[in-house]
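Worksheet: the structure to be examined is printed underneath.
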Number of protein chains: 2
Amino acid sequence: MLFKRYDHGMSFEKSTSAGYLANHMARLFARGLQRRVGPLGLAPAQFMTLLELWAEDGLTQKELVARLDVEQATMANTLTRMERDGLILRRPHPQDGRAQQIWLTDRARALQGPATEAASAQNEAALAPLTPEERARFLSLMARVTAAMRDEED
Amino acid sequence: MLFKRYDHGMSFEKSTSAGYLANHMARLFARGLQRRVGPLGLAPAQFMTLLELWAEDGLTQKELVARLDVEQATMANTLTRMERDGLILRRPHPQDGRAQQIWLTDRARALQGPATEAASAQNEAALAPLTPEERARFLSLMARVTAAMRDEED
DNA sequence: AGCGTTTGAATAGCATGCTTTGCAATGTTA
DNA sequence: TAACATTGCAAAGCATGCTATTCAAACGCT
């Protein structure tokens, strides 16, 4: 019997790999969000962080890390850039000398409307081909898969 | 009427934002894949690139860029690291003096089995809570959303 | 009180992604 | 064929992730 040179019998089709699709989809979301919120002077990770801070100000870095599920070092760097860009202020925590509280600037508050509109537009563009029922199922499936991987991490 | 300080009436719930969930899910996939293929000396983007090259060798950088949907500069950097790590060789293209062909090394060929097994294990862990029908629907939904965003880019 | 442990952040170093820019090899066209 | 345009890659610069390390503040226990 003849075999083609590269047929090792263990094809791994990227088009049917959840991880591959998830990566590609997330990159497309990020590109689109960048295109839409970039003109406001925001980057995607900054927008994600602002989402938490618009809901509640004065959090510590540790709290942001827990809510956004990124590493502490990643958050520290993102906050440094946001401080540089005049979006937040870091103030010493009144009860804990190791910690700081993160406060929004007026500029950051003013961006809530335009930025959330831009993000909604991106979501709408991505989900355009789906029916309302499919959208709900899709969000639910992503949430379950995400939860499975989080559980597996500990 | 009274309003809480931060209720601007435009809540954007991250738990119901497709983009937010996609980003989080992709980060969890990347962490898991890193954990599983890292010991083989591979990084996630290198694995993604190898997926194409295991199927077909001798492609140009331009062809890889088209198949993986990343920017040319991103691919150039990834290939430089793969060359440094002894996974590929860059050889001048016989017909086009500007281009090069990318060839796998024996080391890269030997990694196909273990690496695809590791990636399959990651996919399995992520999709564990889903039924076979749900998995199929999930992949199909991701493909449709991805296609919608790609279409929108041009 | 004193000492070891834990905890909150910062820093360094690296991988991946992007945009922008530059350059040499090819193609095209007047 | 000379001039212009296109194309394939590389390099610079930056944002976001990660791991590992370090440091000071806070805690806990004897």
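Just so it is clear: chains get the letters A, B, ... in the order the sequence lines come, proteins before strands, and each one is counted from 1.
- Using a 4.0 Å cut-off between charged nitrogen and carboxylate oxygen, B/Arg36 and B/Glu124 do not count as a salt-bridge pair.
- Remark: side-chain polar atoms of B/Arg91 are not paired, donor with acceptor, to backbone N or O of B/Trp103 under 3.5 angstrom.
- Close to C/dA10, at under 4.0 Å from its OP1 or OP2, lies a side-chain N or O of A/Gln61.
- Remark on DNA chain C: of its neighbouring residues B/Met48 and A/Gln100, the 5'-side contact belongs to A/Gln100, judged by nearest-heavy-atom nucleotide.
- In this model, the phosphate group of D/dA10 is approached by a side-chain N or O of B/Arg90 to a distance below 4.0 Å at OP1 or OP2.
- A perpendicular orientation is assigned to the rings of B/Trp54 and B/Phe47, their planes being inclined by more than 60° (bins at 30° and 60°).
- The nucleotide whose nearest atom lies closest to any side-chain atom of A/Asn77 is, among D/dA10, C/dT11, D/dA11, C/dT11.
- Using a 4.0 Å heavy-atom distance criterion, A/Thr80 is classed as making no nucleic acid contact.
- Spacing between atom CG of A/Leu79 and atom C1' of D/dG17 amounts to 14 Å, rounded to whole angstrom units.
- Among the nucleotides C/dA9, D/dC18, D/dA15, the one closest to the side chain of A/Ala99 is C/dA9.
- Among the nucleotides D/dA24, C/dA15, C/dC18, the one closest to the side chain of B/Ala43 is C/dA15.
- Interatomic distance, A/Met82 CE to A/Leu87 CG, rounded to the nearest 0.5 Å: 5.0 Å.
- For A/Thr74 and D/dT16, the shortest distance from a side-chain N or O to OP1 or OP2 is not below 4.0 Å.
- For B/Arg98, whose side chain is taken as the heavy atoms from C-beta onward, the closest listed nucleotide among C/dA24, C/dA10, C/dT16 is C/dA24.
- Each of C/dT19, D/dA15, D/dA26 was ranked by its minimum atom distance to the side chain of B/Glu71; first place goes to C/dT19.
- Within 4.0 Å (heavy atoms only), A/Arg35 reaches no atom of the nucleic acid at all.
- When the nucleotides C/dT26, C/dT16, D/dC18 are ranked by their closest atom to the side chain of B/Ala45, C/dT16 comes out on top.
- In this structure, the side chain of B/Arg135 engages the main chain of B/Leu127 through a donor-acceptor pair within 3.5 Å.
- Between A/Asn23 and A/Ala76, the residue anchored nearer the 5' end of DNA chain C, judged by the nucleotide with its closest heavy atom, is A/Ala76.
- Taking a cutoff of 4.0 Å between a charged side-chain nitrogen and a carboxylate oxygen, B/Glu153 and A/Arg35 do not qualify as a salt bridge.
- One axis for each end of the helix from C/dA1-D/dT30 to C/dA30-D/dT1, each built from five base pairs, and the angle between them comes to 10° at 10° resolution.
- Rounded to a whole Å, the NE2 atom of A/His93 is 11 Å from the P atom of D/dA26.
- Side-chain proximity of A/Arg81 to the nucleotides D/dA15, D/dA10, D/dC18 is greatest for D/dA15.
- For A/Leu28 and C/dT16, the CG to P distance is 19 Å, given to the nearest whole Å.
- Contact check, A/Gln72 against C/dT7: no side-chain N or O comes under 4.0 Å of OP1 or OP2.
- Remark: C1' of D/dA15 and CZ of B/Arg27 are 14 Å apart, rounded to the nearest angstrom.
- As rounded to whole Å, 8 Å separates atom P of C/dA9 from atom NZ of A/Lys62.
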